[in-house]
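All remarks here apply to the structure that follows.
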Amino acid sequence: MDKWIVHKFGGSSVADADCFRRVADIVEGAPEARLESSPNPREAVVLSACRGVTDSLLNLVAHAAQPNGDFLAGVDALHARHAALAQALVSPAAAAEYQLALERDLRDIGGMLQTVRLIRAAPDSVRDVIAGYGEIWSTRLFTVYLRERGRIAGEVRWIDARQVVVVDWGPLGPAVQWSLSEQKLRGLVAADFVGRLIVTGFIAATLDGIQTTLGRNGSDFSGSIFGALLGASEIQIWTDVDGVLSADPRLVPNAQVIDQLSYNEAMELAYFGAKVIHPQTMEPAVARDIPIYIRNTFAPEKRGTLICANPTSALKVKGITTIDPVALVNLEGAGMIGVPGTAHRLFGALRDAGISVILISQGSSEHSICFAIPEAQATRAEAAVRSAFDTELREGQIQSVDVGRDLSILAVVGDGMAGAHGVAAQVFDSLARAAVNVRAIAQGASERNISVVVDGKSGAKALRAVHAGFYLSPNTLSIGLIGPGTVGRVLLAQMKSQLERLRGLNVDLRVRAIATSKRMLLAENEIDLSQWAKLLAEKGESLDIDRFARHVQADYIPHTVIIDCTASADVAGYYRDWLARGLHVVTPNKKANSGPLPYFRAIQEARRAAGTHYLYEATVGAGLPIIQTLRDLRETGDEVTSIEGIFSGTLAYLFNVYDGSEPFSSIVQAAKQKGYTEPDPRDDLSGMDVARKLIILAREMGLTLELADVAVEGLVPAALRDCSSEEFMRRLPEFDAEMAATLKLAREQQQVLRYVGRVDATGKATVRLTRLDARHAFANIALTDNVVRFATRRYCDNPLIVQGPGAGPEVTAGGVFSDLLRLSAYLGANI
Ligand code: ADP
Ligand code: ASP
Ligand code: MG
């Protein structure tokens with residue numbers, strides 16, 4: 001005889017009339033839904049109650065047991081919903097007949113609820129009977145509907161599972177009485193049956209013939225029980241997602257479908273909260289080696305996830321789940337060391353109190369045992385443990401019983417972890433990088449599951465970070481950018497052009513907030529970088545920098561960075577706080593590093609304490625690798641004796657062009673017109689910008705200098721320091737002769753003029769106009785180049801020189817961008 005196939009459709013698959021149509025198509029063997037080419041002659045179809053109906057029924061019971069509990073409105077709503085479904089799906093005559101039966105059932109339910117109300121309590125047996133009606137109503141209707149469609153070759157027969165499945169409820173849940181159930185099924189379905197059996201999920205009978213259920217979400221279990229009873233060749237569980245996903249899609253939006261799982265993996269995932277399958281589903285299938293497919297009713301053309309004995313998937317880690325809320329109970333005391341039987345007593349007491357333990361961890365010193373339980377059972381568990389160890393607690397052999405609440409268990413599951421090294425390291429590394437604290441750890445000897453207990457509020461973040469760590473989803477960085485001006489604007493454009501490519505490399509940069517000095521734009525997912533300016537203008541709100549930072553640091557995204565593209569000391573004033581709170585900072589803003597030394601140190605301390613990163617390559621020489629070079633030298637043990645350089649593109653330009661043929665003031669004038677200088681050229685000529693850069697490098701060398709320690713010889717004549725910018729430009733020619741004399745002196749000795757900053761290891765720092773030999777490295781640079789010369793113990797005869805364009809929005813933004821990518825790499829991206 002032909003093989004059986006068993007389908008199970010969950011509540012979400014039979015939510016409304018359209019859903020019933022979809023299910024009927026699949027059951028009739030629609031080609032896109034079939035895994036094989038020809039239709040199968042006999043199949044069983046297990047249905048759940050329509051979505052939400054079991055919940056409604058259980059609510060009715062709970063409600064009726066309350067003082068003044070009224071249930072009539074709830075009963076009416078169930079009537080209306082099912083009657084409407086019938087009218088939409090079947091002929092008027094069939095609908096009327098269906099409705100009659102429905103009303104009979106609802107009267108029975110009303111009677112039972114009335115009793116519940118009178119006795120103010122709902123016995124389990126009553127709750128079970130009422131809860132099971134949803135499956136009866138969905139299957140009865142579907143049976144009639146499928147018959148009327150008339151496309152099934154053979155019979156469409158309704159099966160009431162209470163007449164087939166017999167279970168005995170024990171401490172481990174419902175135990176199926178297999179031979180009895182098989183016998184009952186044989187009595188109902190002949191060996192040569194052809195067609196479709198429409199079977200009620202969720203419900204069964206006890207040995208005494210009383211109706212019971214298989215527990216919440218038990219229809220999956222029904223599916224595999226019927227698979228086993230019928231000796232099916234496969235079981236297909238249909239739901240509303242594409243299969244078993246690597247994480248709960250509501251928490252990790254980019255979770256992926258797992259193509260294949262072993263029974264054990266599926267069991268662990270189900271047990272640890274992957275709600276898509278009921279943990280008990282596996283047992284009957286495993287015993288008979290029946291493959292299970294998890295498939296999407298709403299996308300039947302997809303193959304879904306195959307769960308079988310020997311999957312052929314190369315992934316080490318298959319899925320990551322969380323359960324919450326849980327509580328952690330910790331029993332601690334020297335009296336337990338080396339005393340056999342403590343665990344036995346502990347777990348015996350919990351068993352007697354009917355508490356199921358989710359996770360256990362005991363250190364090898366036996367000084368403490370801790371275990372996790374559903375939080376709802378915490379109070380009872382604590383009482384049970386305290387009373388079991390009453391004597392030891394009084395006599396001090398056990399010091400304490402602590403209960404931690406509002407926790408979450410994260411479980412990482414995969415057969416491939418067995419014998420593989422580095423998986424646990426990867427889990428803990430991801431958690432550490434996301435600043436998630438681990439409260440307890442357990443790994444079964446099967447090595448199929450690593451479980452960690454974390455604070456409930458970091459549960460989602462932990463899940464995303466670990467998921468990202470295994471490349472199941474990209475490393476996501478939540479970015480807030482402040483100051484979309486000259487540099488910030490270009491940076492956004494550069495990022496936009498690279499987003500796709502970087503996502504291909506598992507680096508997911510999400511600009512989720514942009515702020516100007518007055519306004520801010522916040523986006524939950526990410527800001528569309530092709531129209532950020534428009535969005536900021538239309539949807540921006542007034543700036544609240546604290547809210548800005550809190551928004552960027554979303555709990556569910558593993559990493560956060562703020563990019564400060566302003567030149568503001570106020571914004572720099574937030575760095576310490578941000579870094580201490582777990583936000584990384586990337587910036588070309590010189591204010592923090594060249595400001596007062598105590599604040600600079602506080603930033604470094606905050607960064608070290610919180611394990612965050614603070615990157616500022618673009619503060620000196622724009623995109624040129626100056627700070628990184630200096631770090632590399634120092635970190636590899638070289639000693640820097642001096643650093644000198646031309647750190648201002650503007651001043652480099654002025655002295656490259658100034659050859660005496662034109663007065664110095666005209667060159668400044670022309671440069672100002674071309675936009676090479678600041679609006680007030682004194683900002684360049686004062687030398688303070690160069691001094692700030694020098695301080696940044698000096699501190700990077702380990703020196704403790706303040707800006708005031710730099711001897712700055714500026715180029716602004718004392719008489720012109722305080723006048724207006726216009727007057728300055730007008731009167732600058734008065735000083736041309738002085739500059740011409742300096743140039744002449746240099747020329748006579750084959751020298752050139754360059755504006756140079758210099759700091760040495762003794763802490764001497766100067767910024768001034770210097771005469772250099774015409775063959776000096778600084779004498780021959782291109783127009784606005786920056787050049788930096790490191791003299792070190794290793795680079796002594798011939799110094800190390802970094803040279804190139806050191807100003808301009810493109811190269812500065814490029815420098816910030818490379819810091820951002822460096823940050824991603826530090827955080828685990830494999831770029
Ligand atoms: P049904 O009504 O079909 O029984 P359920 O609501 O019981 O469906 O289970 C399916 C839901 O399980 C999905 O919609 C999804 O939101 C959730 N879910 C949780 N974890 C996972 C996971 N790891 N893979 C797939 N779905 C999951
Ligand atoms: N209808 C039952 C429930 O909601 C069984 C199921 O749908 O699996 O728990
Ligand atoms: Mg379900």
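Start at 1 and go down the list; that is how both ligands and their atoms are numbered.
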When you check ligand 2 against the protein, what N or O pairs turn up below 3.5 Å? List the atom names and distances, or just say none.
residue	atom	partner	partner atom	Å
ligand 2	1 (N)	Thr54	OG1	2.7
ligand 2	1 (N)	Glu135	OE2	2.7
ligand 2	4 (O)	Thr54	OG1	3.4
ligand 2	4 (O)	Arg216	NH2	2.9
ligand 2	7 (O)	Ser48	OG	2.9
ligand 2	8 (O)	Asn217	O	3.4
ligand 2	8 (O)	Gly218	N	3.4
ligand 2	8 (O)	Ser219	N	3.1
ligand 2	8 (O)	Ser219	OG	3.3
ligand 2	9 (O)	Arg216	NE	2.7
ligand 2	9 (O)	Arg216	NH2	3.3
ligand 2	9 (O)	Asn217	N	2.7

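- A salt bridge links Arg216 with Asp55: the distance from a Lys NZ or Arg NE/NH1/NH2 to an Asp or Glu carboxylate oxygen falls below 4.0 Å.
- The shortest contact between atom 3 (O) of ligand 1 and any protein heavy atom is with Thr239 OG1, 2.7 Å.
- Salt bridge annotation for Lys318-Glu265: present, with a cationic side-chain nitrogen under 4.0 angstrom from a carboxylate oxygen.
- Taking the side chain as every heavy atom from C-beta outward, Val46 and Phe9 never approach each other to under 4.5 Å.
- Looking only at atom types and distance, the side chain of Trp158 has a donor-acceptor partner in the side chain of Thr139 under 3.5 Å away.
- Using a cutoff of 4.0 Å between basic side-chain nitrogens and carboxylate oxygens, Arg151 and Glu28 are scored as salt-bridged.
- Regarding atom 6 (O) of ligand 1, its nearest protein heavy-atom neighbour is Lys275 NZ, 3.0 Å.
- Looking at Asp406 and Lys457, no side-chain N of the basic residue comes within less than 4.0 Å of a carboxylate O on the acidic one, giving no salt bridge.
- Atoms of ligand 1 lying under 4.0 Å from at least one heavy atom of Val244, given by number and element, are 24 (N).
- Under 4.0 angstrom from ligand 1, the non-hydrogen atoms of Lys8 all belong to its side chain.
- A salt bridge is defined here as a Lys NZ or Arg NE, NH1 or NH2 lying under 4.0 Å from an Asp or Glu carboxylate O, and Asp508 with Arg510 meets this definition.
- To the nearest 0.5 Å, atoms CG (Asp324) and CD1 (Ile409) are separated by 9.5 Å.
- A cation-pi geometry, defined here as NZ or CZ lying under 6.0 Å from the six-membered ring centre and within 45° of its normal, holds between Arg288 and Trp178.
- For the pair Asn296 and Trp238, the minimum side-chain heavy-atom distance is 4.5 Å or more.
- Close approach of ligand 1 to Gly11 (heavy-atom distance below 4.0 Å) involves ligand atoms 1 (P), 2 (O).
- At least one heavy atom of Gly243 lies less than 4.0 angstrom from ligand 1.
- Between Asp455 and Arg439 there is a salt bridge, since a side-chain N of the basic residue sits under 4.0 Å from a carboxylate O of the acidic one.
- The side chain of Val241, and not its backbone, has at least one atom closer than 4.0 Å to an atom of ligand 1 (non-hydrogen atoms only; side chain from C-beta on).
- Within 6.0 Å of atom CD in Glu97, 12 or fewer heavy atoms from other residues, nucleotides or ligands are found, so the atom counts as exposed in its surroundings.
- At the shortest separation from atom 17 (C) of ligand 1 among protein heavy atoms lies Arg250 NH2, 3.4 Å.
- The proximity of Arg51 to ligand 1, defined as any non-hydrogen pair under 4.0 Å, does not occur for either the backbone or the side chain.
- Counted by atom type alone, Thr312 and Gln260 present one or more donor-acceptor pairs between their side chains at under 3.5 Å.
- With hydrogens left out, the protein atom closest to atom 24 (N) of ligand 1 is Leu245 N, 2.8 Å, a heavy atom.
- Closest protein heavy atom to atom 11 (C) of ligand 1: Asp240 OD1, 4.0 Å.
- Contacts with ligand 1 closer than 4.0 Å are made by side-chain heavy atoms of Pro249 only, the backbone lying farther away.
- Each of the following atoms of ligand 1 lies closer than 4.0 Å to a heavy atom of Gly10: 1 (P), 2 (O), 3 (O), 4 (O).
- For ligand 1, the atoms lying closer than 4.0 Å to a non-hydrogen atom of Asn217 are 7 (O).
- Ion pair Arg22/Asp25 not flagged as a salt bridge, since none of the NZ, NE, NH1 or NH2 atoms sits closer than 4.0 Å to an Asp/Glu carboxylate oxygen.
- Protein heavy atom at the shortest distance from atom 12 (O) of ligand 1 is Val276 N, 3.7 Å.
- When non-hydrogen atoms are compared, ligand 1 lies under 4.0 Å from neither the backbone nor the side chain of Leu269.
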